[in-house]
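Once you've had a glance at the structure underneath, I'll fire off some questions.
Heads up: numbering here begins at 1 and tracks the sequence.
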Amino acid sequence: VIICTNQENEEESIEHEKRKTCAIVHGVPESVSDEAKQREGEDLDVMAAILHELDCNDVKVIKAIRLGKRMQAATNGDTLIKPRPMKLILETEEQKIRVLKHAENLRRKKE
């Protein structure tokens, strides 16, 4: 038997509310810059281009975060490193739903 306190339920509810505006994006190429701020800026620029391609120009990305540990760029040009997934925090849940609905069209488009 598991008994949850009101505080645990409240914390879970808050966490659920935070996740309502998050989306995970896979396959977005990573920046090779050493500066974290520059990498984050480049990620936001790439996401802006993708959102434009999805016809979601009014969607506002609050924050873009790469998930997982950053791999150092390989010195050997033959090795391809799979880009880390990117967590997007959007302004509203409606914007997230709109992006996810339009995202299915993205696979058919060429770069």
Distance in Å, Glu104 CD paired with His102 NE2, rounded so as to fall on 0.5 Å steps: 9.0 Å
Which heavy-atom pair separates Ser33 from Arg70 by the least distance, and what is that distance? O-NH2, 3.0 Å
Hey, what else clusters with Leu100 if you join Ile, Leu, Val, Met, Phe, Trp, Tyr whenever side-chain heavy atoms sit under 4.5 Å? none
Using 0.5 Å steps for rounding, measure from the CZ atom of Arg98 to the CG atom of Asp55. 6.0 Å
Residues forming a salt bridge (charged side-chain N to carboxylate O under 4.0 Å, His left out) with Glu35, sequence neighbours excluded: none
Would you list the atom pairs, donor with acceptor, under 3.5 Å between side chains in residues 86-95 and any protein atom, with sequence neighbours excluded?
| unit_1 | atom_1 | unit_2 | atom_2 | d |
| --- | --- | --- | --- | --- |
| Thr92 | OG1 | Gln95 | N | 3.1 |
| Gln95 | OE1 | Lys60 | N | 3.2 |
| Gln95 | OE1 | Glu91 | N | 3.4 |

Got a sec, which residues hit side chain to side chain donor-acceptor pair (under 3.5 Å) with Ser31, two or more places apart in sequence or on another chain? Glu42
His52: side chain to side chain contact (heavy atoms under 4.5 Å, CB included) partners, not counting sequence neighbours: Asn57
Could you state the interatomic distance from CD (Glu10) to CD (Glu15), rounded to the nearest 0.5 Å? 13.0 Å
When you measure from the side chain of His16 to the backbone N and O of Glu12, does any donor-acceptor pair fall under 3.5 Å? no
Hey, quick one: are Ile65 and Val59 part of the same hydrophobic cluster, counting side-chain heavy atoms closer than 4.5 Å, chains of contacts allowed? no
Could you pull out all donor-acceptor pairs under 3.5 Å where a side-chain atom in residues 23-30 meets a protein atom, sequence neighbours excluded?
| unit_1 | atom_1 | unit_2 | atom_2 | d |
| --- | --- | --- | --- | --- |
| Glu30 | OE1 | Arg84 | NE | 3.2 |
| Glu30 | OE1 | Arg84 | NH2 | 2.9 |
| Glu30 | OE2 | Arg84 | N | 2.9 |
| Glu30 | OE2 | Arg84 | NE | 3.2 |

For Arg39, which residues count as a side chain to side chain donor-acceptor pair (under 3.5 Å) partner, sequence neighbours excluded? none
The criterion is side chain to side chain contact (heavy atoms under 4.5 Å, CB included); which residues satisfy it with Lys69, sequence neighbours excluded? none
